[in-house]
*Asks:* 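Would you mind keeping the following structure in view while I ask a few things?
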Amino acid sequence: MDCVDVSQLSEVRIESPVLLSDEDRWNDAKMTELESWKRNGVFVEVDDVGQDFLTCRWVLTEKPDRLKARLVVRGFEDPDINTVVKDSPTCSRDSFRIVVSVRAAYGWRVHSMDIRTAFLQGAPLKRELFVKPPPEAGSPPHKLWKLLRCAYGLTDAARHCYEQLKLVIVGTGFSISSMDPCLFYLKSEKSELLGILATHVDDFWWAGSDIFEARVIRSLREAFDVRSEQSPPFPHLGFNVEQTDSRIVLNMREFADSLQEIHIPKDDSSIDPTARRELRSAIGKLQWLASQSRPDIAYNLSRILANEKDRSRNDFIAVNKIMRKIRHTSDRCRLIFEKPELVSDWKIHVYSDSSLNNLPCGGTQSGFIVILTDNKNRPVLLNWKSQKLRRVVNSTICGEIIACVDAFDAAFLCQSILRELLAITVPIKCYTDNRSLVDNVFSTKVPQDKRLRVEIAYLRSMLESGSLSKLSWVPTRYQIADCLTKHSNKSADSLLGYLNEYPVQME
């Protein structure tokens with residue numbers, strides 16, 4: 001084995017297991033990174049006259065096809081760390097799923113664009129920061145780098161990156177969604193949608209007409225250093241994106257098949273820190289899956305999370321049970337977006353439910369599911385939630401009405417985004433298996449719970465304004481949100497079947 005020069009290891013963090021057997025290859029990767037700093041005008045070299053400065057370090061990562069060296073500033077040394085604006089938006093799940101629905105409806109081919117070293121192409125830095133150059137830069141003694149743009153490691157780097165992306169995108173004629181700052185769209189003079197683009201840090205997801213690509217996407221390619229572009233099939237944010245003329249599928253089967261069961265301790269006293277870490281890791285993977293494509297496991301995960309302070313052997317058993325279920329049904333870890341005959345046929349169906357005091361902590365679980373359907377009742381999953389109710393309630397009707405309000409709010413956001421993009425109002429229909437909820441909303445009687453009056457008045461006003469088209473009762477066998485508030489294998493299987501096999505019963 002070749003020897004490794006460890007003299008620089010104090011400046012290196014290895015993110016993945018790599019063998020530094022070829023020092024020249026790593027030096028080449030570092031030189032590529034330094035060249036990127038120069039090409040993007042990140043710094044200017046100045047004399048060191050006693051200024052306060054930040055230090056930096058190398059982060060080395062072995063990619064499947066290359067070695068990657070990233071020069072990272074130690075952002076915790078930033079004197080402005082507590083005052084700079086750090087937040088940076090990413091496209092919300094609701095917006096992302098609506099974007100895919102619109103692309104499927106228009107028959108547009110989806111594309112992905114990855115920006116190379118996006119943080120180094122961010123908006124100009126408006127404050128004064130100095131960095132001590134790494135030895136590999138070969139800077140003369142007593143020289144510092146004055147940053148002109150944000151660099152990796154600074155807490156506001158992502159914000160500057162977004163501001164620059166927004167400036168360029170809007171400059172090509174895009175409008176920014178008022179509902180989501182990472183959703184951009186282009187319309188013709190006749191208000192016809194020409195194209196749509198969503199951003200997630202340095203990834204662009206776009207689709208549109210030929211005019212859209214020629215006028216807009218070409219400008220983006222010229223404005224940014226693009227690493228790669230892809231069209232289906234391709235991986236994106238944990239999904240494998242697949243597309244035909246009639247549908248788009250976001251598939252997570254590969255991720256689901258990779259899940260492994262964890263070791264189960266002999267008893268509660270055998271749960272050591274290593275076992276806890278393994279459990280947290282497994283729960284995190286399942287949470288990701290539950291939030292992206294498998295709402296049927298969300299409630300069972302909620303119960304496991306409720307025991308976080310008092311872990312037991314049963315938690316490990318419960319996690320493995322969910323793992324086995326996922327692996328046996330991995331072909332259903334997907335979201336399907338069918339092409340409708342007409343977008344004017346779209347309807348938003350909302351199912352809400354709650355279960356009083358059924359959590360280990362005594363809390364009430366609430367859940368809802370928001371679905372977009374066409375004239376054939378083919379569903380597109382837009383949003384869902386399974387969580388502890390936002391306030392303490394003392395009756396079933398209180399829990400049901402609050403869950404219904406939360407569900408409608410989620411659907412109203414989807415309706416608003418679709419109205420903004422397509423200039424249509426998609427009707428919202430809410431369903432519950434609690435008759436008292438419907439009776440209270442349509443009754444003139446005043447409930448005793450004073451806070452409940454506010455929630456009821458809100459639902460009534462939404463019905464009167466037309467924002468909510470319908471509120472009706474359904475039998476429990478048609479309540480597809482039932483598995484989001486209680487353990488029910490039958491309800492969970494029914495929900496999975498509905499999302500993958502399209503039974504026509506909706507009312």
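Since the structure is predicted, the reported quantities are computational estimates derived from the model, not experimental observations.
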*Asks:* Check the surroundings of atom NZ in Lys321: do more than 12 heavy atoms from other residues, nucleotides or ligands lie under 6.0 Å from it?
*Replies:* no

*Asks:* Are side-chain N/O atoms of Asp94 and Asn383 paired as donor and acceptor at under 3.5 Å?
*Replies:* yes

*Asks:* From Cys483 SG over to Ile369 CD1, what is the distance, rounded to the nearest 0.5 angstrom?
*Replies:* 7.5 Å

*Asks:* If you measure from NZ on Lys347 to CG on Asp374, what distance do you get to the nearest 0.5 Å?
*Replies:* 9.5 Å

*Asks:* Should the heavy atoms of other residues, nucleotides or ligands under 6.0 Å from NZ of Lys486 be counted, would the total exceed 12?
*Replies:* yes

*Asks:* Strictly below 4.0 Å, N to O, side chains only: are Asp257 and Arg327 in salt-bridge contact?
*Replies:* no

*Asks:* Compare every heavy atom of Phe212 with every heavy atom of Ala207, then report the nearest pair and how far apart it is.
*Replies:* O-CE2, 3.7 Å

*Asks:* Flag the pair Glu62 and Lys68 as a salt bridge only when some basic side-chain nitrogen lies within less than 4.0 angstrom of an acidic carboxylate oxygen.
*Replies:* no

*Asks:* Around atom CG of Asp210, are there more than 12 heavy atoms from other residues, nucleotides or ligands closer than 6.0 Å?
*Replies:* no

*Asks:* Quick test of your reading of the model: are Lys166 and Glu163 salt-bridged, counting only N-O distances below 4.0 Å?
*Replies:* yes

*Asks:* Checking side-chain polar atoms at under 3.5 Å, does Asp28 have a donor or acceptor matched by the opposite partner on Thr32?
*Replies:* no

*Asks:* Taking atom CD of Glu261 and atom CG of Leu259, what is their separation to the nearest 0.5 Å?
*Replies:* 10.0 Å

*Asks:* With a sphere of 6.0 Å drawn around CD of Glu229, does it hold more than 12 non-hydrogen atoms of other residues, nucleotides or ligands?
*Replies:* yes

*Asks:* Parallel under 30°, tilted from 30 to 60°, perpendicular over 60°: which one fits the rings of His236 and Trp205?
*Replies:* tilted

*Asks:* Where is the tightest heavy-atom contact between Met323 and Leu286, given as atom of each residue plus distance?
*Replies:* SD-CD2, 4.0 Å

*Asks:* Would you say Ser488's side chain and Ser491's backbone share a donor-acceptor pair under 3.5 angstrom?
*Replies:* yes

*Asks:* Out of curiosity, Ile169 CD1 to Gln164 CD, how far, rounded to the nearest 0.5 Å?
*Replies:* 10.0 Å

*Asks:* Looking at His111, is its backbone amide N or carbonyl O close enough to the side chain of Gln230 to form a donor-acceptor pair, meaning the two atoms are under 3.5 Å apart?
*Replies:* no

*Asks:* Quick check: do Arg74 and Leu54 have side-chain heavy atoms less than 4.5 Å from each other?
*Replies:* no

*Asks:* For Glu420 and Ser178, test the side chains for any donor-to-acceptor distance below 3.5 angstrom and give the result as yes or no.
*Replies:* yes

*Asks:* Which heavy-atom pair separates Trp58 from Pro134 by the least distance, and what is that distance?
*Replies:* NE1-CB, 3.9 Å

*Asks:* Taking only Lys NZ, Arg NE, NH1 and NH2, and the carboxylate oxygens of Asp or Glu, determine whether Asp268 and Arg313 approach each other closer than 4.0 Å.
*Replies:* no

*Asks:* Within a strict 4.5 Å, meaning less than it, do heavy atoms of the His200 and Leu237 side chains meet?
*Replies:* yes

*Asks:* So among Val405, Thr364, Asp353, Thr485, which one has a side-chain contact (heavy atoms from CB on, under 4.5 Å) with Glu400?
*Replies:* Asp353

*Asks:* Quick one, Leu193 and Tyr185 - any side-chain contact, counting heavy atoms below 4.5 Å?
*Replies:* yes

*Asks:* Strictly by modelled atom types, are Trp37 and Glu33 linked by a side-chain donor-acceptor pair under 3.5 Å?
*Replies:* yes

*Asks:* Quick one: does Asn320's side chain have a donor or acceptor within less than 3.5 Å of a partner on Ile262's backbone?
*Replies:* yes

*Asks:* Are the side chains of Ile402 and Ser354 in touch, meaning some heavy atoms are under 4.5 Å apart?
*Replies:* no

*Asks:* Test your reading of the model: is there a side-chain donor-acceptor pair from Arg378 to the backbone of Phe337, 3.5 Å cut-off?
*Replies:* no

*Asks:* Decide whether Glu341 and Asn375 meet the rule of one side-chain donor and one side-chain acceptor closer than 3.5 Å.
*Replies:* yes

*Asks:* Evaluate whether atom CG of Asp267 has more than 12 neighbouring non-hydrogen atoms of other residues, nucleotides or ligands under 6.0 angstrom away.
*Replies:* yes

*Asks:* If you measure from the Lys or Arg side-chain nitrogens to the Asp or Glu carboxylate oxygens, is any gap between Arg116 and Asp225 under 4.0 Å?
*Replies:* yes

*Asks:* Taking only Lys NZ, Arg NE, NH1 and NH2, and the carboxylate oxygens of Asp or Glu, determine whether Glu213 and Arg218 approach each other closer than 4.0 Å.
*Replies:* no

*Asks:* If we ignore hydrogens and angles and just use 3.5 Å, is the side chain of Lys490 paired with the main-chain N or O of Arg477 as donor and acceptor?
*Replies:* no

*Asks:* Please answer whether the main-chain N or O of Ile115 pairs with a side-chain N or O of Gln121 as donor and acceptor at a distance below 3.5 Å.
*Replies:* no

*Asks:* Can Arg390 and Asp406 be said to form a salt bridge (Lys or Arg N to Asp or Glu O under 4.0 Å), step by step?
*Replies:* CA-CA 10 Å; Arg390 52 187 163 86; Asp406 291 344; 2.9 Å; yes

*Asks:* Can you check whether Phe412's main-chain N or O pairs, donor with acceptor, with Ser416's side chain at less than 3.5 Å?
*Replies:* yes

*Asks:* Taking all heavy atoms of Trp384 and all of Ala290, pick out the closest pair and write down the distance.
*Replies:* NE1-O, 2.8 Å

*Asks:* Would you confirm whether Ser281, through its side chain, and Arg277, through its main-chain N or O, come within 3.5 Å as a donor-acceptor pair?
*Replies:* no

*Asks:* Can you tell me how far apart CE (Met31) and CG (Asn27) are? Round to the nearest 0.5 Å.
*Replies:* 6.5 Å

*Asks:* Is the shortest heavy-atom distance from the side chain of Thr373 to the side chain of Ile348 under 4.5 Å?
*Replies:* no

*Asks:* Stepwise, does the salt bridge (Lys or Arg N to Asp or Glu O under 4.0 Å) test hold for Glu35 with Lys30?
*Replies:* CA-CA 9 Å; Glu35 180 59 33; Lys30 291 180 180 181; over 6 Å; no

*Asks:* May I ask you to decide if Arg159's main-chain N or O and Asp156's side chain share a donor-acceptor pair within less than 3.5 Å?
*Replies:* no

*Asks:* Check whether Ser95 reaches the backbone of Cys91 with its side chain - one donor and one acceptor, N or O, closer than 3.5 Å.
*Replies:* no

*Asks:* Between Phe224 and Leu165, is any pair of side-chain heavy atoms under 4.5 Å apart?
*Replies:* yes

*Asks:* How about Phe204 and Trp206: are their ring centroids closer than 6.0 Å?
*Replies:* no

*Asks:* Suppose we call two aromatic rings close when their centres sit under 6.0 Å apart. Are Tyr431 and His349 close by that rule?
*Replies:* yes

*Asks:* Inspect the surroundings of CG in Asp87 and state if more than 12 heavy atoms from other residues, nucleotides or ligands are less than 6.0 Å away.
*Replies:* yes

*Asks:* To the nearest 0.5 Å, tell me how far Asp315 CG sits from Leu279 CG.
*Replies:* 6.5 Å

*Asks:* Taking all atoms of both residues into account, what is the closest heavy-atom pair of Ser291 and Arg97, and its distance?
*Replies:* O-NH2, 3.0 Å

*Asks:* Restricting to non-hydrogen atoms, name the atom on Ala411 and the atom on Val350 that form the minimum distance, rounded to 0.1 Å.
*Replies:* CB-CG2, 3.4 Å

*Asks:* Run the numbers on Gln387 and Ser302 for side-chain hydrogen bond (donor to acceptor under 3.5 Å, both in side chains), then give the verdict.
*Replies:* CA-CA 7 Å; Gln387 62 184 4; Ser302 293; over 6 Å; no

*Asks:* Between Asn358 and Tyr299, do the side chains contain an N or O donor and an N or O acceptor separated by less than 3.5 Å?
*Replies:* yes

*Asks:* Look at Lys376 together with Glu338 and state whether they make a salt bridge at an N to O cut-off of under 4.0 Å.
*Replies:* no

*Asks:* Check this for me: does any side-chain nitrogen of one of Asp296 and Lys325 sit under 4.0 Å from a carboxylate oxygen of the other?
*Replies:* yes

*Asks:* Charged N to carboxylate O below 4.0 Å: is that the case for Asp331 and Arg253?
*Replies:* no

*Asks:* Going by heavy atoms in the side chains, are Phe239 and Pro235 under 4.5 Å from each other?
*Replies:* no

*Asks:* Is there side-chain contact between Leu183 and Val99, with heavy atoms separated by less than 4.5 Å?
*Replies:* yes

*Asks:* Testing the 3.5 Å rule here: is there a donor-acceptor pair between the side chains of Ser177 and Asp180?
*Replies:* no

